[in-house]
Amino acid sequence: MYRKEVLPLLPERIRKLIDNTVKSEESLQEIRIRRGRPLVLQYRGELFTPECQGQVVSDQEFKEVLSRISRHSLYAFEEEIRKGYLTIPGGHRIGLSGHTVLENRTVKTMRYISFLNIRISHEMPGCADRLMPYVMQGDRFLSTLLVSPPGGGKTTLLRDMVRQLATGGGKFRGRNVSVVDERSEIAGCYMGIPQKQVGPYCDVMDACPKGIGMMMVIRSMAPEVVAVDEVGAREDFEAMRYALTSGCSLLATVHGSTMEQMKEKPELSQIFQSGMFERYIFLDSRKNPGNCQAIYDGRGNLLWS
């Protein structure tokens with residue numbers, strides 16, 4: 001619940017603005033805090049500035065948020081800052097932007113942080129119910145790729161599919177699922193313990209790069225299904241190929257919009273042409289996060305729309 005996990009990190013004035021504005025917790029997607037600018041919410045699929053009588057986020061308010069999200073020590077989170085985000089208990093991710101410090105053409109750290117984007121992590125148990133028949137073949141889970149634009153609900157849907165696979169019930173049994181949670185968003189681990197519902201037969205490799213983590217869980221945890229969020233790097237593909245040759249099924253997400261884009265855009269066509277996935281589930285736009293738009297089989301044939 002973001003009211004318990006996110007709001008305590010914010011100054012009192014900003015907390016009150018959000019409390020007075022947000023009537024549906026499920027509809028709040030982002031809280032954008034910019035130094036010297038008004039508060040902005042992504043709420044009910046639209047950008048919205050709460051009534052604040054012309055007030056902007058002050059330097060003191062911004063420093064207060066930074067201090068709380070870093071537990072009063074930005075230095076302790078330098079590795080996360082270098083990547084551009086922090087993850088807090090509950091799986092909520094806070095994007096950071098400011099002046100970067102480069103070393104050998106790579107980002108060493110970030111200074112003068114002035115922009116924060118708090119992305120609210122939602123749990124929607126049961127949101128995958130109507131999709132599960134399309135990704136099961138008898139008792140076997142078909143390797144599935146969830147595709148949507150940013151903010152389209154990929155992680156929320158992936159989390160519920162993990163929960164169902166690692167719990168079982170109804171027409172299929174539970175099975176061992178390993179989640180490689182590079183950004184701590186899927187399971188929302190805090191001190192190694194998942195804060196989100198991922199099922200009793202789920203193991204989590206937290207805060208580990210996807211390519212390395214997939215190799216590790218396959219060798220050590222013997223999963224039937226490996227789940228990862230936002231694939232795309234070369235190491236990800238190599239690890240996914242290894243998973244398939246090891247007898248695992250894959251559950252993954254990627255940014256995209258349509259099957260046509262999947263076939264034509266170079267970074268996405270590589271996934272399609274590899275034949276790794278047997279199902280493609282495309283989600284709707286930001287206005288309808290988590291809504292299924294279309295389902296295709298591994299050859300690109302439309303199964304449902």
Side-chain angles (χ1 to χ4, degrees), residues 24-30 42-46 91 119-172 175 177 179 185-187 196-199 202 225-232 240 249-265 267-269 271-272 275-305:
S24 170
E25 293 192 23
E26 295 76 17
S27 299
L28 180 62
Q29 295 169 271
E30 296 177 349
Q42 180 85 24
Y43 182 54
R44 299 188 188 278
E46 302 287 347
R119 296 184 62 182
I120 306 300
S121 175
H122 292 286
E123 277 193 293
M124 297 179 62
C127 67
D129 284 356
R130 64 193 183 102
L131 300 178
M132 295 304 290
Y134 291 93
V135 297
M136 300 299 298
Q137 190 174 73
D139 188 55
R140 188 173 75 88
F141 175 71
L142 302 171
S143 290
T144 299
L145 185 67
L146 309 178
V147 188
S148 88
K154 299 183 302 298
T155 305
T156 301
L157 181 59
L158 179 142
R159 183 186 301 116
D160 194 53
M161 294 179 78
V162 166
R163 179 188 66 83
Q164 296 204 34
L165 290 168
T167 302
K171 296 183 178 180
F172 60 90
R175 64 209 66 214
V177 179
V179 172
E185 287 186 291
I186 302 171
K196 301 295 188 183
Q197 300 180 52
V198 289
C202 179
V225 179
V226 175
V228 290
D229 205 9
E230 297 185 9
V231 296
M240 288 191 295
S249 297
L250 295 171
L251 174 58
T253 73
V254 72
H255 287 151
S257 301
T258 64
M259 177 54 76
E260 289 71 26
Q261 185 187 64
M262 177 67 66
K263 293 178 179 179
E264 297 173 4
K265 199 173 180 179
E267 57 269 33
L268 296 179
S269 65
I271 297 176
F272 180 75
M276 289 183 181
F277 293 98
E278 300 163 279
R279 292 290 184 269
Y280 295 91
I281 297 178
F282 288 82
L283 305 184
D284 211 332
S285 67
R286 293 174 70 93
K287 292 189 177 182
N288 299 287
N291 283 0
C292 182
Q293 189 177 56
I295 302 174
Y296 295 83
D297 67 13
R299 296 181 179 181
N301 299 313
L302 182 65
L303 299 177
W304 180 92
S305 67

Legend entry - side chain to side chain contact (heavy atoms under 4.5 Å, CB included) evaluation trace for Val231 with Thr253: CA-CA 6 Å; Val231 296; Thr253 73; over 6 Å; no
May I ask you to decide if [Y]'s main-chain N or O and [X]'s side chain share a donor-acceptor pair within less than 3.5 Å?
X      : Y      : answer
Arg163 : Lys196 : no
Glu123 : Gln197 : yes
Arg279 : Met136 : no
Asp284 : Asn291 : no
His122 : Gly153 : no

Inset, instruction - Verify the ring-centre separation between Tyr280 and Phe272: is it less than 6.0 angstrom? - result: yes
Side-chain donor-acceptor contacts of residues 141-149 below 3.5 Å, not counting sequence neighbours, with atom names and distances?
from   : atom 1 : to     : atom 2 : distance (Å)
Ser143 : OG     : Leu250 : N      : 2.9
Thr144 : OG1    : Leu142 : O      : 2.6

Which pair of non-hydrogen atoms, one from [X] and one from [Y], has the smallest distance, and what is that distance?
X      : Y      : answer
Ala294 : Tyr296 : CB-CE1, 3.7 Å
Val254 : Lys154 : O-CD, 3.3 Å
Leu283 : Gly152 : CD1-O, 3.7 Å
Phe172 : Gln164 : CE1-O, 3.4 Å
Ile186 : Val198 : O-CG1, 4.4 Å
Pro133 : Asp129 : CD-O, 3.5 Å

[X] side chain near [Y] side chain, heavy-atom distance below 4.5 Å:
X      : Y      : result
Thr155 : Ser121 : no
Val135 : Ile281 : yes
Phe282 : Ser305 : no
Gln29  : Arg44  : no
Ile120 : Glu30  : no
Arg175 : Val225 : yes
Cys127 : Met161 : no
Ile271 : Met276 : no

Legend entry - Glu278/Arg299 salt bridge by N-O under 4.0 Å criterion: no
Inset, instruction - May I ask you to decide whether Lys171 forms a salt bridge with Asp139, counting only side-chain N to carboxylate O separations under 4.0 Å? - result: no
Can you measure from [atom1] ([X]) to [atom2] ([Y]) and round to the nearest 0.5 angstrom?
X      : Y      : atom1 : atom2 : value
Gln261 : Leu268 : CD    : CG    : 5.5 Å
Leu157 : Leu131 : CG    : CG    : 5.5 Å
Cys292 : Trp304 : SG    : CH2   : 4.5 Å
Asn301 : Met259 : CG    : CE    : 9.0 Å

Legend entry - Val228 vs Val179, side chain to side chain contact (heavy atoms under 4.5 Å, CB included): CA-CA, chis, key distance, verdict: CA-CA 6 Å; Val228 290; Val179 172; over 6 Å; no
